[in-house]
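Numbers restart at 1 for each chain; the letters A, B, ... are given by sequence-line order, proteins then strands. Everything quoted here is computed from the prediction, not taken from an experiment.
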2 protein chains.
Amino acid sequence: IAENKDAELQAMMKEFHYADIAEIADELDVEGATYLIKLLDSEKTSDILAEMHEDIREAVLKNLTAKEIAGELSELDTDDAADIINELPKELVQEVISEIADREHAKDIVDLLRYEEDSAGGLMAKELVKVNENWTVTTCVKEMRAQAENVTRVHSIYVVDDEGKLKGRLSLKDLLTASTKTHIKDVYISKVDAVNVNEKGEEVAKIMSKYDLEAIPVVDEIGRLVGRITIDDIVDVIREEADKDYQMAAGISQDVEVSDSIWILTRARLPWLTLGLLGGLGAAAIMGTFEDMISKHAVLFFFTPLIAAMAGNVGVQSSAIVVQGLANDDLKGSVRNHLLKEMLLALLNGFILSILLLLFTWVWKGAFATALAISLSLIVVIVVAGFIGTFIPLFLHKRNIDPAIATGPFITTSNDIFGILIYFWIAKMILGI
Amino acid sequence: IAENKDAELQAMMKEFHYADIAEIADELDVEGATYLIKLLDSEKTSDILAEMHEDIREAVLKNLTAKEIAGELSELDTDDAADIINELPKELVQEVISEIADREHAKDIVDLLRYEEDSAGGLMAKELVKVNENWTVTTCVKEMRAQAENVTRVHSIYVVDDEGKLKGRLSLKDLLTASTKTHIKDVYISKVDAVNVNEKGEEVAKIMSKYDLEAIPVVDEIGRLVGRITIDDIVDVIREEADKDYQMAAGISQDVEVSDSIWILTRARLPWLTLGLLGGLGAAAIMGTFEDMISKHAVLFFFTPLIAAMAGNVGVQSSAIVVQGLANDDLKGSVRNHLLKEMLLALLNGFILSILLLLFTWVWKGAFATALAISLSLIVVIVVAGFIGTFIPLFLHKRNIDPAIATGPFITTSNDIFGILIYFWIAKMILGI
């Protein structure tokens, strides 16, 4: 951390894991981080860059020349390199790519740039070990040794035909016990899970965790092997997916972090808060139409926050469990059955809560008719809230819209309005005003 | 699915992956699932059982004898076997364990039963490949071959000393290029990440994903190698952790699923709803004390749901981002700075929203003083809500309580009450009543 003691710092950093140095670099200012990156050799700095926080990496890369960036990318696996290139300003991309010395590596990276970031193509790396089914064991071992040098972890040996189509995989054990003249096609295992290059990252995560896979080959539309996804990238997908849903449920759009600036955070939060404000104004307008009840039944107005809160809570509970069920593929059976079950559940909860409310209000205010009106409305409000909370995410899912947007403030706000509307209607009917 | 066509069913199931059969079994009733398990051979059924839904597995196991269960467990890795034994009724455990033919395997399983389910010890398996630093390469290769038979995926070869203490790991490449007489201690890599057997699952997940590890060795207090955790188990930990936080934020306690019964679901939801009810009663009581304002300023009462909703939304946004920051170790810097930033953010949001509210209410009701009172209260309410939402999870975290309990209904309810109290106070002051 002290300046100018280059040699000492170099020696110290040598002992550290790149992920730890990346954490240190994230804490430094941009100059400090750039200084650190320039000081260490590119074998280590490339990994550090890949692990660093996006914003800080972007700032550091601005201080490097195209040639320096190309040097870093040469050391990285194609998937990490492609991720970094995606963050570079457009005018720099071509220059950086032309500076990469290994043309094969550059070509692989360019190939990866075509794919959507959260598709199988965007997650996969080009590095893998593949052998032709027509090779003999001897050729195979020789070729594998050369290929394996570029691959950090081998996991599986994939078998392809002359056209590059994925045929199966090869077990190391079978390879070692087979005689040297045997052809690969006689020993490989033809059963292998693979995903299409356009498959969504989320789906790949599901498949890999269902079958406990540590790597999965990626094929194009006609079945040619084009890459491989490893479990460590999938762990990141799962985390990001969970974070996104969590934030959505809390009414924070975009992917923000605590360390972001106040402006970014405001932009992420204000839309949902504005929605809440509009909902509140709607509720106020509804109450305004019942203003004539205020002189005789002021107590009704005291309970509006309670009604709104219960409608919101029940709605969030219902929608959260549907959204989670959909995300985990746990939701089986027909939509009608789910709605029915959810409404039965709401009825049961509503009944218990209404009894509590009835007793309390009766004792407190002494007016049984009012207490009854409030309590009966609560049951109806809870059942409707449960229905809306279940129906909207299911409906969005059917229409291929991410159901997670229907959680949090959205459900809370719409249930607030419906809740208050129903509440005053029923109260008006029961009290015969 | 048809009955009695055993041979056909057997042939069909042979083609299926065990994870798929487990899914089918989950869909069948208990008799159907038991029938399926008894039909297939134990090599496959053990894996099916391990993948099946907990509740259905428990029911199926009730239909099997201790000997049959022992047969299934013999085929499983120690970690999966220990998980299943943990679900068995206590009186059956001893009988099942005594029926396991392989005594070493039984001993390993019993060892694992000692550990907390979500600690490193509870996650690890006993299956691993370890070699003694004093062996020669020849002995090592021979021993490894024998050990590898019990290990599904090798990942790493761990090196231990005579006391069983973890010294480092061995790269397959170094092993193969070394001369046969070399001692392991001259070729192994002494740098290896390991976790203590009592480390929390969550922490292990963080370490493994930070360093992109696919397996990590587990050591006891004095550094002896006792097991190994693989990334597929960690993927489950990450998913469960995310699901738990998500449910907590939605006001659903316990780990429930859509498929659970209405009674279980009610038990999980009712506590938070009751909390919401109490909050609503509190709000009603507060409004009751301001009842004398109702004749002159009825409009104040129309805006209580808006104030409560905004207080709740801001609180949830603030707490969610703190809880997520804590979970991802993203939260750096002092508590004071966070509170300051969050309050600045709330001030900015509050200012923008209040302007909107002021304009709307002024135009709608024509009463500038009332509109100003409502809008000014909104700013204060939002700032206080942001403060509470940030402070409570940070405070709980400092006291080693899971901050996730402070999200969702808890924050919403407390902010509702504070919000309404502040709102009426300020309105009263400004309107000079």
Side-chain angles (χ1 to χ4, degrees), chain A residues 17 19 209-212 214 231-232 235 238-239 242-243 245-247 249-252 257-258 262 265-266 269-270 273 276-277 279-281 283-284 287-288 291 294 298 301-306 308-310 313 316-317 320-321 324-325 330-331 344-345 348-349 353 356-357 360 409 416 420, chain B residues 17 19 209-212 214 231-232 235 238-239 242-243 245-247 249-252 257-258 262 265-266 269-270 273 276-277 279-281 283-284 287-288 291 294 298 301-306 308-310 313 316-317 320-321 324-325 330-331 344-345 348-349 353 356-357 360 409 416 420:
Chain A
H17 190 280
S209 63
K210 178 173 168 191
Y211 297 118
D212 286 345
E214 301 192 334
I231 187 80
D232 52 315
V235 167
I238 294 174
R239 269 192 202 281
D243 282 358
D245 284 358
Y246 189 80
Q247 291 191 330
I252 306 172
E257 282 161 62
V258 266
I262 288 189
L265 289 171
T266 300
R269 296 187 188 188
L270 206 52
L273 291 180
L277 187 77
L281 288 173
M287 287 164 79
E291 193 167 0
I294 213 166
F301 288 82
F302 300 165
F303 282 94
T304 46
L306 183 146
M310 298 309 282
N313 285 348
V316 167
Q317 287 183 338
I321 211 151
Q324 200 170 54
D330 264 350
L331 213 68
L344 264 174
L345 183 61
L348 181 63
N349 282 333
L353 293 167
L356 289 175
L357 183 64
F360 181 89
D416 272 12
I420 288 177
Chain B
H17 190 280
S209 61
K210 178 173 168 191
Y211 298 116
D212 285 346
E214 301 192 335
I231 188 80
D232 53 315
V235 168
I238 294 174
R239 270 192 200 282
D243 282 359
D245 283 357
Y246 190 79
Q247 291 191 330
I252 306 171
E257 282 162 61
V258 267
I262 288 188
L265 288 171
T266 301
R269 294 188 189 188
L270 206 51
L273 291 180
L277 188 77
L281 289 173
M287 287 163 78
E291 193 166 359
I294 214 165
F301 288 82
F302 299 163
F303 282 95
T304 46
L306 184 146
M310 297 310 282
N313 285 348
V316 168
Q317 286 184 338
I321 211 150
Q324 201 170 53
D330 263 350
L331 213 67
L344 264 174
L345 183 61
L348 181 65
N349 281 334
L353 294 167
L356 289 175
L357 183 64
F360 182 89
D416 273 11
I420 288 177

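- Of the atoms belonging to B:Leu277, heavy atoms from both backbone and side chain fall under 4.5 Å from chain A.
- Remark: A:Phe301 pairs with A:Phe424, B:Phe302 by the ring pair (Phe, Tyr, Trp, His ring centres under 6.0 Å) rule, at least two apart or across chains.
- No side-chain heavy atom of A:Asp245 sits less than 4.5 Å from a side-chain heavy atom of A:Gln324.
- Under the side-chain contact (heavy atoms from CB on, under 4.5 Å) criterion, B:Ile262 pairs with A:Lys341, A:Leu344, A:Leu345, A:Leu348, B:Thr266, not counting sequence neighbours.
- By number of non-hydrogen pairs under 4.5 angstrom with chain B, the leading residue of A:Ile321, A:Leu273, A:Ile238 is A:Leu273.
- Contact check for B:Leu306 versus B:Met310: side-chain heavy atoms found under the 4.5 Å cut-off.
- No other option in A:Gly279, A:Ala308, A:Gly288, A:Gly325 has as many heavy-atom pairs under 4.5 Å with chain B as A:Gly288.
- Both the backbone and the side chain of B:Val316 come within less than 4.5 Å of a heavy atom of chain A.
- Taking A:Met287, A:Lys210, A:Arg269 one by one and counting their heavy-atom pairs under 4.5 Å with chain B, the maximum is reached by A:Arg269.
- Atom-to-atom distance recorded for A:Asp243:CG and A:Arg239:CZ is 8.0 Å, nearest 0.5 angstrom.
- For B:Asp416, the part lying near chain A is the side chain, with the backbone staying farther off; criterion is any non-hydrogen pair under 4.5 Å.
- A heavy-atom distance below 4.5 Å is not found between the side chains of A:Ile252 and A:Leu265.
- Of the residues considered (A:Asn313, A:Leu270, A:Val235), A:Leu270 shows the highest number of contacts with chain B, using heavy-atom pairs under 4.5 Å.
- The residue among A:Ile231, A:Thr304, A:Ile420, A:Leu356 with the most heavy atom pairs within less than 4.5 Å of chain B is A:Ile231.
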